[in-house]
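See below for the structure under consideration.
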Amino acid sequence: MPGMFFSANPKELKGTTHSLLDDKMQKRRPKTFGMDMKAYLRSMIPHLESGMKSSKSKDVLSAAEVMQWSQSLEKLLANQTGQNVFGSFLKSEFSEENIEFWLACEDYKKTESDLLPCKAEEIYKAFVHSDAAKQINIDFRTRESTAKKIKAPTPTCFDEAQKVIYTLMEKDSYPRFLKSDIYLNLLNDLQANSLK
């Protein structure tokens with residue numbers, strides 16, 4: 001599962017993975033956030049003026065691709081880089097647990113049936129339980145319903161809670177993301193580079 005932390009060194013980003021559930025009490029670093037994000041965004045912009053091309057064309061982000069993110073939250077979350085940039089924005093708003101939970105649910109749906117009980121318990125303890133370190137903002141009824149469903153886990157036992165969080169992100173965080181400096185600066189930089 002992709003990590004949500006951006007290093008100041010773009011080379012460290014490649015191949016970085018960690019479990020979202022393992023870093024329950026990750027310290028926030030607001031002073032270096034801007035520097036980390038700038039370094040990450042720079043690594044995503046093609047170096048057109050130097051004639052260098054990325055060894056993996058998949059790593060290069062285009063302005064058209066970033067513009068598609070503004071069409072819907074679904075298109076944003078369908079893109080790996082979109083997930084990372086939106087995750088960074090949510091982190092700046094101290095609400096990264098929303099995308100972390102959503103991604104954990106997406107991963108959970110692909111889990112083999114014999115591993116469902118263990119993974120369901122991990123997700124529940126990390127995000128849904130009333131004492132969870134990264135507790136998501138869902139109503140009492142949804143929290144209780146999810147608690148009952150994980151007693152006999154199925155690939156869909158988190159669907160109701162995931163839908164609530166998706167709607168919360170779509171109506172609250174996503175519109176702010178589209179007006180944020182993180183998104184607008186990335187789009188402007190990519191559009192400027194495409195004109196060179």
Side-chain angles (χ1 to χ4, degrees), residues 1-7 13 15-30 32-33 36-37 40 69 72-178 180 182-183:
M1 189 174 303
M4 291 291 130
F5 176 77
F6 294 102
S7 169
L13 290 173
T16 302
T17 60
H18 73 285
S19 171
L20 296 173
L21 305 175
D22 290 342
D23 60 356
K24 292 179 184 175
M25 300 303 286
Q26 183 181 17
K27 291 183 181 177
R28 303 186 197 286
R29 300 176 354 146
T32 60
F33 175 77
D36 293 343
M37 193 62 206
Y40 174 72
W69 298 351
S72 70
L73 179 59
E74 184 179 353
K75 288 197 178 192
L76 171 66
L77 294 177
N79 181 283
Q80 180 67 55
T81 304
Q83 290 174 12
N84 292 341
V85 175
F86 187 55
S88 293
F89 170 75
L90 291 177
K91 190 170 195 162
S92 74
E93 292 200 330
F94 304 102
S95 61
E96 69 270 19
E97 69 278 355
N98 292 331
I99 193 164
E100 290 178 10
F101 173 71
W102 187 86
L103 289 169
C105 290
E106 289 298 294
D107 181 59
Y108 175 78
K109 290 174 189 175
K110 301 171 195 159
T111 303
E112 294 177 25
S113 57
D114 57 326
L115 299 175
L116 287 177
C118 179
K119 230 176 191 180
E121 187 67 27
E122 285 178 12
I123 293 171
Y124 180 78
K125 284 181 179 176
F127 298 105
V128 182
H129 191 273
S130 57
D131 294 331
K134 294 184 176 188
Q135 185 185 35
I136 53 171
N137 186 9
I138 57 176
D139 58 275
F140 178 78
R141 190 195 63 73
T142 305
R143 195 174 308 281
E144 289 299 305
S145 170
T146 304
K148 288 177 187 170
K149 288 176 185 172
I150 70 156
K151 290 178 181 172
T154 65
T156 61
C157 67
F158 290 104
D159 283 3
E160 185 181 4
Q162 186 183 20
K163 186 176 180 184
V164 170
I165 293 304
Y166 182 90
T167 302
L168 179 68
M169 290 191 297
E170 185 176 45
K171 293 185 187 234
D172 186 44
S173 306
Y174 176 66
R176 283 197 310 278
F177 168 73
L178 295 178
S180 72
I182 289 174
Y183 176 72

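- Side-chain contact between L73 and L76: present, with at least one pair of heavy atoms (C-beta onward) separated by less than 4.5 Å.
- In this structure, the separation between OG1 on T146 and CD on Q162 is 11.0 Å, given to the nearest 0.5 Å.
- Side-chain contact between K119 and D107 is present, with heavy atoms from C-beta onward closer than 4.5 Å.
- Distance check, rounded to the nearest 0.5 Å: NZ of K134 to CD1 of I123 gives 13.0 Å.
- Annotation: the span from E160 atom CD to C105 atom SG amounts to 11.5 Å, rounded to 0.5 Å.
- The shortest heavy-atom contact between A126 and A132 is O-CB, 3.3 Å.
- In this structure, E170 and E74 have side chains that are not in contact, with every pair of non-hydrogen atoms separated by 4.5 Å or more.
- The pair K149-D159 fails the salt-bridge criterion, with no side-chain N (NZ, NE, NH1 or NH2) lying under 4.0 Å from an Asp/Glu carboxylate O.
- Considering only residues two or more places apart in sequence or on other chains, F86 meets the ring-ring contact (aromatic ring centres under 6.0 Å, His included) condition with F177.
- The neighbour count for K163 NZ, taken as heavy atoms of other residues, nucleotides or ligands under 6.0 Å away, does not exceed 12.
- Between the side chain of T111 and the main chain of Y108, a donor-acceptor pair closer than 3.5 Å is present.
- Partner M169 forms a side chain to side chain contact (heavy atoms under 4.5 Å, CB included) with one of W102, Y174, F101 and no other, that one being W102.
- At least one side-chain heavy atom of I99 sits less than 4.5 Å from a side-chain heavy atom of L77.
- Here the closest heavy-atom approach between residue V164 and residue N137 is recorded as CG1-O, 4.2 Å.
- In this structure, F127 and I165 have side chains that are not in contact, with every pair of non-hydrogen atoms separated by 4.5 Å or more.
- Within the model, atoms CG of N98 and CD of E93 stand 10.0 Å from one another, a figure rounded to the nearest 0.5 Å.
- Summarising the geometry of R143 relative to H129, their closest heavy-atom pair is NH1-O, 4.2 Å, with the distance given to 0.1 Å.
- Salt-bridge annotation for K125 and E121: present, with a side-chain N of the basic residue lying under 4.0 Å from a carboxylate O of the acidic one.
- You'll find the side chain of E106 stays beyond 4.5 Å of the side chain of Q83, heavy atoms only.
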